[in-house]
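Side chains included, hydrogens not; waters and symmetry mates left out as well; all remaining heavy atoms used.
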Amino acid sequence: ENAVQTGYPVVIIDACLPGIGRFIESIEQECVVLFDEFDKTFRNSKDDNDQARLLSLFDGTAGGKKLYVVTCNELYGLNNYIVNRPGRFHYHFRFDYPAPEDIREYLMDKLETGCHSQIDKVVEFSRKISLNYDCLRAIAFELNNGANFAEAIADLNIMTTEDEAEVKDNAKGSEDAKNRLPVSNCT
């Protein structure tokens with residue numbers, strides 16, 4: 001958003017297409033090039049290494065000024081020649097899960113006043129299941145739209161692999177599994 005407001009075009013790369021590196025190199029205008037979910041879009045495998053084909057692009061030897069921004073969800077999905085190479089990517093920012101006080105602050109800002117009573121329940125739940133800001137945004141949306149916390153968590157795609165057994169129990173209507181969900185209403 002800041003780049004666009006400053007007058008820099010943003011090119012979003014969210015598909016691995018033949019010749020994408022040459023296309024990006026051909027752009028002469030100063031711009032921001034955003035590779036969204038790079039580890040998923042450009043696979044790193046023994047047989048077909050889409051990432052390796054872009055290494056020379058990231059070296060910055062091509063003409064034009066470009067700021068490359070790469071998002072990834074799994075660092076282990078990145079090529080070894082990308083990680084620990086400040087000549088290719090000078091900075092990296094890692095986002096950990098928000099701490100309880102960060103969750104509280106975020107929800108105070110995003111929840112309607114009538115739902116503030118739910119914040120402690122969300123914070124307590126975050127001690128069992130790691131919640132990122134995407135999860136918190138979805139929880140706030142559901143609570144602000146009238147769902148109680150138990151309904152929101154049961155319906156949202158928020159779980160760990162350890163939760164699969166509980167989800168299967170819930171699908172079967174297990175009373176024990178239902179009782180493990182936090183219950184509350186916005187008031």
Is any side-chain heavy atom of [X] less than 4.5 Å from a side-chain heavy atom of [Y]?
X: Tyr106; Y: Arg137; value: yes
X: Leu131; Y: Val122; value: yes
X: Val32; Y: Val69; value: yes
X: Ile129; Y: Ile158; value: yes
X: Cys72; Y: Leu78; value: yes
X: Phe42; Y: Ile20; value: yes
X: Asp39; Y: Asn73; value: yes

Look up atom [atom1] in [X] and atom [atom2] in [Y], then write down how far apart they are to the nearest 0.5 Å.
X: Phe141; Y: Leu156; atom1: CZ; atom2: CG; result: 10.0 Å
X: Lys121; Y: Ile153; atom1: NZ; atom2: CD1; result: 12.5 Å
X: Gln118; Y: Glu112; atom1: CD; atom2: CD; result: 12.5 Å
X: Asn144; Y: Cys115; atom1: CG; atom2: SG; result: 5.0 Å

Any chance you could lay out the side-chain contact (heavy atoms from CB on, under 4.5 Å) test for Tyr68 and Leu34, step after step, and finish with the verdict? CA-CA 6 Å; Tyr68 296 108; Leu34 172 64; over 6 Å; no
Which pair of non-hydrogen atoms, one from [X] and one from [Y], has the smallest distance, and what is that distance?
X: Ile119; Y: Met108; answer: CD1-SD, 3.3 Å
X: Leu107; Y: Leu136; answer: CD2-O, 4.3 Å
X: Ala147; Y: Leu143; answer: O-CD2, 3.4 Å
X: Ile82; Y: Gln51; answer: CD1-OE1, 3.8 Å

Main-chain N/O of Glu37 paired to Thr71 side chain as donor or acceptor, under 3.5 Å: yes
Test side-chain hydrogen bond (donor to acceptor under 3.5 Å, both in side chains) applied to Asn132 - qualifying residues, sequence neighbours left out: none
Could you tell me whether Phe58 and Phe35 have their ring centroids closer than 6.0 angstrom? yes
Residue set satisfying side chain to side chain contact (heavy atoms under 4.5 Å, CB included) with Glu25, at least two apart, ordered chain then number -> Ser56, Leu57, Ala62
Name all residues meeting the side chain to side chain contact (heavy atoms under 4.5 Å, CB included) criterion together with Glu30; count only those two or more places apart in sequence or in a different chain, and write none if there are none. Tyr8, Lys65
Val10, Ile27: one ILVMFWY side-chain cluster at the under-4.5 Å cut-off? no
Shared hydrophobic cluster for Phe23 and Ile12 (ILVMFWY, side-chain gaps under 4.5 Å): no
Mind checking who shares a hydrophobic cluster with Leu17, ILVMFWY linked at side-chain heavy-atom distances under 4.5 Å? none
Do any side-chain atoms of residues 86-104 form donor-acceptor pairs under 3.5 angstrom with protein atoms, and if so which ones, sequence neighbours left out?
from	atom 1	to	atom 2	distance (Å)
Arg88	NE	Leu55	O	3.3
Arg88	NE	Asp59	OD1	2.7
Arg88	NH1	Tyr81	O	2.7
Arg88	NH2	Asp59	OD1	3.3
Arg88	NH2	Asp59	OD2	3.4
Asp102	OD2	Ala99	N	3.3
Arg104	NH1	Asp120	OD1	2.7
Arg104	NH2	Asp120	OD1	3.3

Could you list all the salt bridge (charged side-chain N to carboxylate O under 4.0 Å, His left out) pairs where at least one residue sits in residues 139-150, not counting sequence neighbours? none
Taking atom CG of Asn157 as the centre, does the number of heavy atoms from other residues, nucleotides or ligands within less than 6.0 Å exceed 12? no
Please report the C-alpha distance between Ile13 and Ile24 in whole Å, then the side-chain angles of each, then the deciding distance to 0.1 Å, and finally whether the side-chain contact (heavy atoms from CB on, under 4.5 Å) criterion is met. CA-CA 10 Å; Ile13 309 296; Ile24 294 168; 4.0 Å; yes
